[in-house]
Amino acid sequence: MHDEDKLHQEVSVGQATETLLQNETLQKAFKELKELYTTEMLNTKLQDDEARRKCYELYHTINQFEKHLEEYVTTGQLAKQTLKNLKKF
């Protein structure tokens, strides 16, 4: 039963995260941050390697955060399918 509880929790987290990712304000924030870091990186002076590196890292941190949230959604979908399969037996 403990495994089923974990699956139900994963479904719940996945559904909540999917709702969050569909939120227009969050989508807008991700888009604007990526644009900001890209613009800042492209507008740095040639010798300003540190500023470019920081913008690069921030841009990729946003991407990693998005991917991590998407993993919650995928895990929840897999957990939902697993629960469905368990009910068949």
Side-chain angles (χ1 to χ4, degrees):
M1 192 66 164
H2 175 68
D3 289 337
E4 265 190 66
D5 290 341
K6 182 179 178 194
L7 290 170
H8 284 291
Q9 178 67 23
E10 288 173 344
V11 170
S12 178
V13 169
Q15 289 172 339
T17 305
E18 186 170 21
T19 300
L20 180 66
L21 285 171
Q22 292 172 351
N23 181 284
E24 289 180 24
T25 303
L26 183 64
Q27 289 176 2
K28 182 180 177 192
F30 282 147
K31 182 177 182 244
E32 288 177 356
L33 284 171
K34 287 178 184 181
E35 288 172 357
L36 171 69
Y37 298 139
T38 300
T39 300
E40 285 186 14
M41 185 171 47
L42 294 173
N43 289 328
T44 58
K45 294 181 180 179
L46 181 62
Q47 62 273 27
D48 202 351
D49 292 332
E50 181 63 26
R52 258 190 314 283
R53 186 181 62 75
K54 184 170 182 154
C55 290
Y56 175 88
E57 289 172 354
L58 289 168
Y59 180 92
H60 285 284
T61 299
I62 296 295
N63 274 342
Q64 288 175 342
F65 183 63
E66 270 186 299
K67 287 182 190 324
H68 192 71
L69 292 175
E70 290 166 2
E71 288 175 13
Y72 283 139
V73 174
T74 301
T75 298
Q77 291 168 342
L78 292 171
K80 186 176 183 178
Q81 186 60 46
T82 300
L83 286 169
K84 189 176 178 181
N85 292 339
L86 286 174
K87 289 181 182 179
K88 289 181 182 178
F89 294 106

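Just so it is clear, the model here is predicted, and its values are computed rather than measured. Residues: numbered from 1 along the sequence shown.
Few gaps surround CZ on F30; more than 12 heavy atoms of other groups in view lie less than 6.0 Å from it. Environment of NZ in K80: sparse, with no more than 12 heavy atoms of neighbouring residues, nucleotides or ligands closer than 6.0 Å. E24 CD: 12 or fewer foreign heavy atoms inside a 6.0 Å radius.
Considering OG1 of T82 and NE2 of H8, their distance stands at 11.0 Å, rounded to 0.5 Å. Taking CD of E50 as the reference point, atom OG1 of T44 lies at 11.5 Å (rounded to 0.5 Å). A distance of 7.5 Å separates CD1 in I62 from CD in E66, rounded to the nearest 0.5 Å. To the nearest 0.5 Å, atoms CD (Q22) and CD (Q27) are separated by 8.0 Å.
Residues satisfying the side chain to side chain donor-acceptor pair (under 3.5 Å) test with Q64, not counting sequence neighbours, are none.
For the pair R53 (side chain) and D48 (backbone), a donor-acceptor distance under 3.5 Å is absent. The main-chain N or O of Q47 is never found under 3.5 Å from a side-chain atom of R52 such that the two would form a donor-acceptor pair. Of the possible donor and acceptor atoms, one in the side chain of T61 sits under 3.5 Å from a partner among the backbone N and O of E57.
Using cut-offs of 30° and 60° on the angle between ring planes, the pair H60 and Y56 is tilted.
Follow the hydrophobic side-chain contacts under 4.5 Å out from L36 and you reach L58 in the same cluster. One hydrophobic cluster, built from ILVMFWY side chains closer than 4.5 Å, holds both V13 and V73. Both Y59 and L33 belong to a single network of hydrophobic side chains, linked directly or stepwise wherever heavy atoms of I, L, V, M, F, W or Y lie under 4.5 Å apart. Residue L78 is not grouped with residue V11 when hydrophobic side chains (ILVMFWY) are merged at heavy-atom distances under 4.5 angstrom, including chains of intermediate members.
L26 approaches N23 most closely through the heavy-atom pair N-OD1, 3.0 Å.
No side-chain heavy atom of E71 sits under 4.5 Å from any side-chain heavy atom of T74. Between L86 and L7, the closest side-chain pair of non-hydrogen atoms falls below 4.5 Å. For the pair Q77/E18, a side-chain contact is recorded, criterion being any heavy-atom separation below 4.5 Å from C-beta on.
There is a side-chain donor-acceptor pair under 3.5 Å between Q81 and N85.
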